[in-house]
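So the structure is just underneath, and the comments pick up after that.
Naming: A, B, ... by sequence-line order, numbering from 1 per chain.
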Amino acid sequence: MGEVLILVDHVDGKLRKATAELLTIARRLGEPSAVHIGPGADTAQVTLAKYGAHKVYVFDDEAALKNLVAPQAEVLAAVVAKADPVAVLLPSNTGGKEIAARLAVKTESGLITDAVDVQAGEGGPVATQSAFAGGYTVKSQVTKGAAIIAVKPNSAAIEAAPAAAAPEKVEITLSDLATSAPITDRQPKAKSGRPELTEASIVVSGGRGTGGDFGPVESFADSLGAAVGASRAAVDSGWYPHSNQVGQTGKQVSPQLYVAAGISGAIQHRAGMQTSKTIVAVNKDEEAPIFELVDFGVVGDLFNVLPQATDEVKKRKG
Amino acid sequence: MNIVVCVKHVPDAQADRTFSEDHTVDRTGVDGLLSELDEYAVEEALKLAEATSGEVTVVTVGPAAAADAVKKALQMGADKGVHVSDEAIHGSDAPATSLILAEAIKKATEGSPQLVITGMASTDGTMGVVPAMLAERLGLPQVTYASELTLEGEKVTIKRDNDASTETIEATLPALVSVTDQINEPRYPSFKGIMAAKKKPVETWGLADLGIDAGQVGLANAWTKVVEISKRPPREKGEIITDEGDGGTKLAEFLAGRKFL
């Protein structure tokens, strides 16, 4: 079986959820190897072994993460040249997609982003994407080079499958161009105590219908252990930070459960959440387009419905 | 300073967008327009040009109708336009599109662009990969997803919001910048701008003008292929209730039934 590379998604060595998901998917396609760029490979090794990485290519030069995107593409290109993998899987977030983009040009390989599923197929991996704000499902294959596929978080249920995760150093020198866009400052997002929006299993979002009061949305989210999102209307009104915006120009989420409160469901919002597995909405307007998408909808005032639901969830969870 | 803005003509997201038989985006039945996210790139270019007495060239790749996207940017205030159009381009993937754009940018700036600005993604394909590919192909520092931008002399500094952090990134010109919808408020074309745009020069180039072989671009030469497209079946009509004082409880019951609690 051919080798499949996955780019380890981590913050200062702490693995993000996408990493184990990518390894789980990689096992369907071949023999997974992880590529760890930056510090923390030693601590990551345990988890990478648990989820089936046979090898871990390590590039620990600090400069790699102190410059935007380009160094990581150079490291991956070097590993691709050496390992000749059948596929390279990366997390489909802004940085992951940009690394994939540069890697595609460097290695003259086809690129698919925003995959919500990847399966083995005749002639290589088949990736599933959602197009036109979720109106269409598209299945594609890469026809040239290694199949470079950026996969959205929550696209696979992680499964352990222990392997050796044998470390192997990557020996390259980064080019001057790769170090020409230095990151001079990095401010961690204020800790909300909630899961991160793009990797959360449950997301509760508020929109225009909150009138600027996100209290009921946040309380309901906390009762479910969910992340909090916001529609563009709410963000544009200054009610919630842009980093929490769900939609075409914000975050694209694909959780197990998405709750839309006081959100009408304009196309621009749907583009960011329509691949969610279960969708629930609370809205005063029974004509709101969001109700076309829901598995369960409540026509009512979120200021009555959400607090009652919060209490009931807490009661049931004991 | 010469500034190049790359723009895309896209089908209106409010319309019923579909695919053609060859699996490419169907542009015939739907009104097209300048991608909303590119308006922010045009606006930022105009602001920087005004501050530096620079000149803004707007570049697009696309069929005849894509000239409208160039026109809109000229009406907003860009100085001149380049429209790369060639039947062989139809169905090009992102690597091929970035190749064409890169060659067009080089030709438009006699090989030395000082600042290339793009939007963060198109509103139809939404991959958001062409800016990074352009930086790679042009050999320029990549300074992308800018929600704020300052230019001091030759130094460009941006803020970039990531999932877990906000970063400050610097580069020295020449550089490639992509901007988000947080960066500015795009202007509307004024009546004067609309009139002036009619006299602004627009060059139309084919692949031969750029020294690109038709075998490097187009649907048949794409590095990916679509194997299947299906219209998403309408979601099974969900259960919709009207709150009669127990809507919240019923909502919690539904979640419990789906094992979310």
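Neither the backbone nor the side chain of B:T157 comes within less than 4.5 Å of any heavy atom of chain A. Using a 4.5 Å cut-off between heavy atoms, B:Q142 touches chain A through backbone and side chain atoms alike. Only the backbone of A:S109 comes within less than 4.5 Å of a heavy atom of chain B; no side-chain atom from C-beta onward does. Of the atoms belonging to A:K315, not a single heavy atom falls under 4.5 Å from chain B. For A:Q268, no part sits under 4.5 Å from any heavy atom of chain B, backbone or side chain. Interface remark: B:D93 contributes no atoms to any contact with chain A (heavy atom separation under 4.5 Å). At a 4.5 Å heavy-atom cutoff, the contact between A:L257 and chain B is made by backbone and side-chain atoms alike. Looking at A:R270, neither its backbone nor its side chain comes within 4.5 Å of chain B, counting heavy atoms on both sides. Residue contact with chain B, scored on non-hydrogen atoms closer than 4.5 Å, is absent for A:V259. Proximity to chain B involves both the backbone and the side chain of A:V298, based on heavy atoms less than 4.5 angstrom apart. Residue A:Q141 touches chain B through both its backbone and its side chain, counting heavy-atom pairs closer than 4.5 Å. Neither the backbone nor the side chain of B:K159 comes within contact range of chain A; no heavy atoms are under 4.5 Å apart. Contacts between B:A135 and chain A at a heavy-atom distance below 4.5 Å involve backbone atoms as well as side-chain atoms. A:A131 touches chain B through its side chain: at least one heavy atom from C-beta onward sits under 4.5 Å away, while N, CA, C and O do not. Interface residue B:M133: backbone and side-chain heavy atoms are both found under 4.5 Å from chain A. Interface remark: A:K317 contributes side-chain atoms only to the contact with chain B (heavy atom separation under 4.5 Å). In this structure, the portions of B:L261 lying under 4.5 Å from any heavy atom of chain A include both its backbone and its side chain. Contact of A:L177 with chain B is made through the side chain alone, with heavy-atom distances under 4.5 Å. When heavy atoms are compared at a cutoff of 4.5 Å, A:Q256 approaches chain B by way of both its backbone and its side chain. Only the backbone of B:L140 comes within less than 4.5 Å of a heavy atom in chain A; its side chain stays farther off. Heavy-atom distances place the side chain of A:T198, and not its backbone, under 4.5 Å from chain B. A:V313 touches chain B through backbone and side chain together, each having a heavy atom under 4.5 Å away. The contact between B:T144 and chain A is made by backbone and side chain atoms together, counting heavy-atom distances below 4.5 Å. Of the two parts of B:L251, the backbone and the side chain both hold a non-hydrogen atom closer than 4.5 Å to a non-hydrogen atom of chain A. When heavy atoms are compared at a cutoff of 4.5 Å, B:T166 approaches chain A by way of both its backbone and its side chain.
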Task: A:Q129 vs A:D114, side chain to side chain donor-acceptor pair (under 3.5 Å): CA-CA, chis, key distance, verdict - done: CA-CA 6 Å; A:Q129 298 161 289; A:D114 304 285; 5.4 Å; no
Open item on the list: Using ring pair (Phe, Tyr, Trp, His ring centres under 6.0 Å), reason through A:F132 and B:F19 one step at a time and then give a plain yes or no.
Closed with: CA-CA 10 Å; A:F132 294 157; B:F19 290 96; 4.9 Å; yes
Open item on the list: Let's go through B:D12 and B:T123 carefully: what are the C-alpha distance in whole Å and the side-chain angles of both, what is the deciding distance for side chain to side chain contact (heavy atoms under 4.5 Å, CB included) to 0.1 Å, and is it a yes or a no?
Closed with: CA-CA 9 Å; B:D12 189 345; B:T123 57; over 6 Å; no
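Listed options B:I229, B:L99, B:T249, B:T172 were ranked by heavy-atom pairs under 4.5 angstrom with chain A; first place goes to B:T249. Of the listed residues B:G139, B:P95, B:G128, the one with more heavy-atom pairs under 4.5 angstrom with chain A than any other is B:G139. Counting heavy-atom pairs under 4.5 Å between each of A:T137, A:V138, A:V305, A:V142 and chain B puts A:T137 at the top. Contact count versus chain B (heavy atoms, under 4.5 Å) is highest, among A:G300, A:A101, A:A70, for A:A101. Chain B forms more heavy-atom pairs under 4.5 Å with one residue of A:V126, A:T310, A:T113 than with any other, namely A:T113. Chosen from A:G110, A:S243, A:A73, A:G250, the residue pairing most often with chain B at heavy-atom distances under 4.5 Å is A:G110. In terms of non-hydrogen atom pairs under 4.5 Å with chain A, the most contact-rich of B:V156, B:T18, B:D16 is B:T18. Of the listed residues B:R258, B:E36, B:R160, the one with more heavy-atom pairs under 4.5 angstrom with chain A than any other is B:R160. Ranked by heavy-atom pairs shorter than 4.5 Å toward chain B, the options A:I267, A:T179, A:T184 are led by A:T184. Contact count versus chain A (heavy atoms, under 4.5 Å) is highest, among B:V226, B:T242, B:V227, B:I241, for B:I241. Ranked by heavy-atom pairs under 4.5 Å with chain B, the first of A:T143, A:V69, A:L197 is A:T143.
Few gaps surround NZ on A:K106; more than 12 heavy atoms of other groups in view lie less than 6.0 Å from it. Other residues, nucleotides and ligands place no more than 12 heavy atoms under 6.0 Å from the CG atom of B:D31. Atom CD of B:Q216 has more than 12 neighbouring heavy atoms from other residues, nucleotides or ligands inside a 6.0 Å radius. Surrounding CG of A:D12 are at most 12 heavy atoms belonging to other residues, nucleotides or ligands under 6.0 Å away.
The pair A:D117-A:K139 fails the salt-bridge criterion, with no side-chain N (NZ, NE, NH1 or NH2) lying under 4.0 Å from an Asp/Glu carboxylate O. Between B:K250 and B:E253, no side-chain nitrogen of the basic residue sits less than 4.0 Å from a carboxylate oxygen of the acidic one, so the salt-bridge criterion is not met. We find that A:R102 and A:E98 are not joined by a salt bridge, their nearest charged nitrogen and carboxylate oxygen being 4.0 Å or further apart.
Here the CG atom belonging to A:L90 is positioned 6.5 Å from the CD1 atom belonging to A:I99, to the nearest 0.5 angstrom. Between B:S112 atom OG and B:L138 atom CG the span is 11.5 Å, to the nearest 0.5 Å.
Minimum interatomic distance between B:I212 and B:V217 (heavy atoms only, all atoms of both residues): CG2-CG1, 4.1 Å.
The closest side-chain heavy-atom distance from B:R17 to B:V25 is not below 4.5 Å.
In this structure a side-chain-to-backbone donor-acceptor pair under 3.5 Å is missing from B:E170 to A:I183. In this structure, the side chain of A:D295 engages the main chain of A:I279 through a donor-acceptor pair within 3.5 Å. The closest donor-acceptor contact from the side chain of B:S122 to the backbone of B:T126 lies under 3.5 Å. A distance-only check finds no donor-acceptor pair linking the side chain of A:Q245 to the backbone of A:P241 [under 3.5 Å]. At least one donor-acceptor pair under 3.5 Å links the side chain of A:S276 to the backbone N or O of A:M273.
Residues forming a side chain to side chain donor-acceptor pair (under 3.5 Å) with B:D243 (at least two apart in sequence, or on another chain): none.
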